[in-house]
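Naming convention: chains lettered A, B, ... in sequence-line order (proteins, then strands); numbering from 1 in each chain.
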Protein chains: 2
Amino acid sequence: MEFSYSTALTHSASHVMKMHRQNVEFLIQKYDVYPGQPILLMRLTENDGMIQKELARRIGVKPATLTVMINRMAKSGLVERRADERDQRISRVYLTDKGRQATKHVKEVLRVIEENCFSGFSDEEKDVLRGLLDRMHSNLQAFYLQNTQPTSDL
Amino acid sequence: MEFSYSTALTHSASHVMKMHRQNVEFLIQKYDVYPGQPILLMRLTENDGMIQKELARRIGVKPATLTVMINRMAKSGLVERRADERDQRISRVYLTDKGRQATKHVKEVLRVIEENCFSGFSDEEKDVLRGLLDRMHSNLQAFYLQNTQPTSDL
DNA sequence: CCCAATTAGTTAGTTTGCTAATGAATAATC
DNA sequence: GATTATTCATTAGCAAACTAACTAATTGGG
């Protein structure tokens, strides 16, 4: 009963998500959108004008990473930065018209990929999958905290 | 019935895998192993002395990417390159003693994370998950081929 | 009120992924 | 057998993620 990474479920899952990423990448490139940007565009559509720190938190990325992403997207005209009136440390990020256009396309791409990914899946199967994923996430998060935050010993 | 990425299953799955990566990263750093290297180490353990092209294919990475990874791992002493005798274009990659040591630790880390990730899962649930993941992968691969390889129109 | 602490964002340097272009060695063809 | 084509690997340049160290602005305490 030796552990072999080749047969590990997380390995299969990585593989699936890599394939997913490749699909996204291939289908968005024609809209001048890069692989890391779709999620950011989606968040901005839901909530335009967020401050960078909050935006970074929501897309699950460090502020330093976001700075660089925003620089690139500002250069290519998808978003723009505007300083906050009352607090000059803060800069808020807004979609441009071009950004809103691109977002529509990207959203459609994501929808189509999702549809194809789960083609042949029943609603019950999707519910089961969601449940399993949630449990995996809880388990992994608990394990992470347990490792990083030393036990506040009894 | 609008599509929203926040509620998409693939979004949840990305999230789970990101958490998984964070766990791996945190637990291997003490062995001087970087995030991309575990899978490479595992493959080399199974099959030492592969040529770079084949190794790249197996870990799902482009040859150019592998070149850079091997450079770093050779520098840190985990692997070594040896030229093939009969074909001077080819270079084969071997684990060093240090590499074998590191691999043992990494394998244990991956095993423990896997164990924790699926703690509370029954064997049936794991089987179900594997089945769902396989179907997702087939679907995504088919969709990718369909998009990239233009239909050899009837 | 002024200096210290906190907070937001940026910059620099690293790893990992990619593509495209190049170099070197082998295989195939005329 | 010399030239062409193919194959393996590398290099260069870009995107995306990180950490650590920094700057600049605001807030708080003495």
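- Taking the side chain of A:Gln88 as heavy atoms from C-beta on, and the options C:dA25, D:dA25, D:dA9, the nearest nucleotide is D:dA25.
- A salt bridge does not link A:Lys104 with A:Glu108: none of the charged nitrogens is closer than 4.0 Å to a carboxylate oxygen.
- When side chains are defined from C-beta on, A:Val61 does not count as touching A:Ile39, because their heavy atoms never get closer than 4.5 Å.
- Heavy-atom nearest nucleotides on DNA chain C were determined for A:Glu25 and for A:Thr67, and the one closer to the 5' end corresponds to A:Thr67.
- Residue-level contact check: A:Arg81 touches the backbone only, with heavy atoms under 4.0 Å from sugar-phosphate atoms and none from bases.
- Looking at which nucleotide of DNA chain D each of A:Thr65 and A:Arg86 is closest to, the 5′-most match is held by A:Thr65.
- More than 12 heavy atoms of other shown residues, nucleotides or ligands fall within 6.0 angstrom of atom CZ in B:Phe121.
- To the nearest angstrom, C1' of C:dA24 lies 14 Å from CD of B:Gln52.
- Within the 3.5 Å criterion, the main-chain N or O of B:Tyr34 finds a donor-acceptor partner in the side chain of B:Gln37.
- Between the CD1 atom of B:Ile70 and the P atom of D:dT10 there is a distance of 9 Å, given to the nearest Å.
- Heavy-atom nearest nucleotides on DNA chain D were determined for B:Lys53 and for B:Asn71, and the one closer to the 5' end corresponds to B:Lys53.
- The CG-C1' distance, from A:Leu66 to C:dT10, rounds to 12 Å in whole Å.
- Computed from coordinates, the B:Arg89 CZ to C:dA25 C1' distance equals 6 Å when rounded to whole Å.
- Atom CD of B:Glu54 and atom C1' of D:dC8 are 13 Å apart (whole Å).
- A:Arg72 has a side-chain polar atom (N or O) that falls below the 4.0 Å cut-off from OP1 or OP2 of D:dA16.
- Looking at heavy atoms from C-beta onward, A:Val24 lies out of side-chain contact with A:Pro35 at the 4.5 angstrom threshold.
- For A:Gln29 and D:dC14, the CD to P distance is 18 Å, given to the nearest whole Å.
- At whole-Å resolution of the value, OH in A:Tyr34 and C1' in C:dG17 are 14 Å apart.
- The nearest whole Å value for the distance from the CZ atom in A:Arg21 to the P atom in D:dA17 is 10 Å.
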